[in-house]
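One structure is given below, encoded as structure tokens.
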Amino acid sequence: MRLFFTLIISILSLSSAPAQAQTAAEILTMVDANLTFETRYSRATMTVVKPRRTKVYEFESWGRGVETAATEFLAPRRDVGTKMLKVGGELWMYMPSIERVQKISGHMLRQGLMGSDLSYEDMLEFSSWQEAYTAEVTGTEACGTGTCWVLDMQARVEDVSYPRRKVWVDQANYIPVRQELYALSGMLLKEWLMEDVVQFGERYYPQRMIVRDTVQEGTSTTLEFSDLQFGEEVDQRVFERRWLER
Amino acid sequence: MGWLFGLAIRNVARNTRRSLLTALTVLLGTALLTLGLSWLNGVMGMMLGEAAGAAGEVRVVEVEYAERESTLPLDANIYDVAPVLESIESAAPNTRAFPLIRSGATVSVGEELGDTFALIVGAPDGYYSEILDFDQKVRLGEMFSGEPDEALLGRLLARELEAEVGDELVILGQTQDGSPSPLMMRVQGIVDTGNAVSDRQVFLSLERAQWLTDIPDGALEVLVYGDGLEQAADLAETLRSSGQLDDLLVQAWSERELYASMIKIVSTVFGIMAIIIVLISALGVLNTMVMSVLERTAEIGVLRAMGMRRVSVVNLFVTEAAVIGVVGSISGLLLGSIPAFWLEKNGVTFGEDVAARMTVPVSTTIHADITIGIAGLALMLGILMALIGALVPSIKAAAIQPVSAMRRRR
């Protein structure tokens, strides 16, 4: 019996040792390793819940590095063929019904994408947290079936969507399973949950994200990936302006 | 009493110059009142007739829409408008009801998407032809022919976009969920609505506006027209008491904050203007009557010494003022009516610069509106100001002791 308890204690202390030793910077490095990528292809549904109705969008998305991303909507019918392309700090939107490309810039980037709780930046921005934020581990909390580090992150650059983030990073997989996103004034803007985490090689990635804009009442957006591929060859033409009108 | 009136007439006729001067003051005051009140009546009538008329004698909306109306909340729509129309038809059979959608969008003509903002109005053909009278107001091109992608452009917006009939018009609006919603239309006609706000709008069929905003079977408002603006409150009550529209807000135009405050403002201006004109004219009358009393102090003393009572002295001067007031008011009414009738017929048109800055949907040409009520009011106020002007010096005159009055010399 004594041997059994000794074994249990040893296992527990071994498994918790790396967690305690992790600095905030190291945690962010691991989070970046999960969430940023060389290339990514995904197919997803986005369910936008409003107080009076729910709308479901379906889209394919391609990402290259932290600055380039493209999205094409497949449903609903009125939005089929709508495409978005982000290259660097610029974002264009192609609307097939008028065969025109609209540049989305300035404050519009922070408006809801297709009326969802996600902004255009949220959807197409994959920048490194380690580069954009300084972080401090403020404690640990139970989250889901495991334990999370609680990180308080302050922006170190000006052009970020959220100057402050409070993030719960799962110690088991370095996924920020919960985030609170704040404005410069300290007002809570959004809550962001990441669920159904799946392992892709050495990377973990959530298959479902739930975002709630706390400024609006009764809204939420759920993003569910039905297909996720990392590091696969992506047709580079989708990252060209010509692709929009093709 | 007859002798008092005779004496008053004689006194009025005795100093012709003074009486004419007093009558002229009353005349000018009454003429100003007639013209000013007719003008204000025209402005008020136009505001209510056009603005409230176009916005419905009665309207039916979601409560939430009314609360956030200034932001045109597309999500606070009546999601299925057909049962609402049926309820209105059943509760008030002799009315006309039109579903309406209003939404902001950027509009452009040509390849490049522009950033010109305009209000998009979507309504059934009947609203445009029967209520807004567009059949008579399309200046270039034609009225809707029934094709789905036709748009009418307000004159000022067409000029700003350099749009011509037949051009492709690109509208970039929003759905009720807030996602971008593009629409390609063809400019079917350019309409001169006569008011600057509407002249900067785009008019579509209800179906296209429903598509643009993604409100497939609904509308933001249902506008109801019955027997005119004056009966609107009764119509609203009829619809409310039917019990079929309990979930919605039924408002007569006069119950809507915008128009209620508009009426209040215009009525206040109306009252202040009338008071100012009455006071100015009364001061003129007061001045001449004071002079008259001073000139006739000795005469008053004699009359008092001969046994005329104080009240009779007051009556004498007031009767004199009334005679002058009646003559001056009638003449002033006639004089003021000439420009008032001219303004009623021709109106005054604002310059394009002024029109472009107007935010209230009213005509750029404002007509006066002279009515029997206005004429009666001006006449009554003209006489009133003569009486007010005469009252103070009369009382003062009556208070003078006969002996001291007789000692005074001019």
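Because only heavy atoms are used, hydrogens play no part in the values below, and waters and symmetry mates are left out as well, while side chains stay in. Each chain gets a letter, A, B and so on, in the order the sequences are listed, and its residues count up from 1.
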Under 4.5 Å from a heavy atom of chain A, the part of B/Leu172 involved: side chain
Among B/Val170, B/Leu169, B/Ile171, the one residue meeting side chain to side chain contact (heavy atoms under 4.5 Å, CB included) with A/Ile98: B/Val170
Closest-packed option against chain B by number of heavy-atom pairs under 4.5 Å, given A/Lys55, A/Arg100, A/Met95: A/Arg100
Salt bridge present between A/Arg53 and B/Asp214 (N-O < 4.0 angstrom): yes
Straight-line distance of A/Arg52 CZ to B/Glu64 CD, nearest 0.5 Å: 6.5 Å
Steps toward side chain to side chain donor-acceptor pair (under 3.5 Å) verdict (A/Arg78, B/Thr175): CA-CA 11 Å; A/Arg78 63 175 287 136; B/Thr175 67; 5.9 Å; no
Within 6.0 Å of CG in A/Asp235, more than 12 heavy atoms from elsewhere: yes
B/Glu237 CD: over 12 foreign heavy atoms closer than 6.0 Å: yes
Atom CD of A/Glu240: over 12 foreign heavy atoms under 6.0 Å: yes
B/Glu168 atom CD, over 12 foreign heavy atoms within 6.0 Å: no
CE on A/Met114 to OG on B/Ser181, rounded to 0.5 Å: 9.5 Å
Beyond-backbone contact of A/Gln102 with B/Pro180, side-chain heavy atoms, under 4.5 angstrom: no
Partner chain B: residue of A/Ser97, A/Gly112, A/Ser116 with the largest heavy-atom pair count (under 4.5 Å): A/Ser97
Atom CG of A/Asp227 with >12 non-hydrogen neighbours under 6.0 angstrom: yes
CZ/A/Phe225: more than 12 non-hydrogen atoms of other groups inside 6.0 Å: yes
A/Glu245 atom CD, over 12 foreign heavy atoms within 6.0 Å: yes
Carboxylate-amine/guanidinium proximity below 4.0 Å for A/Lys50 and B/Asp75: no
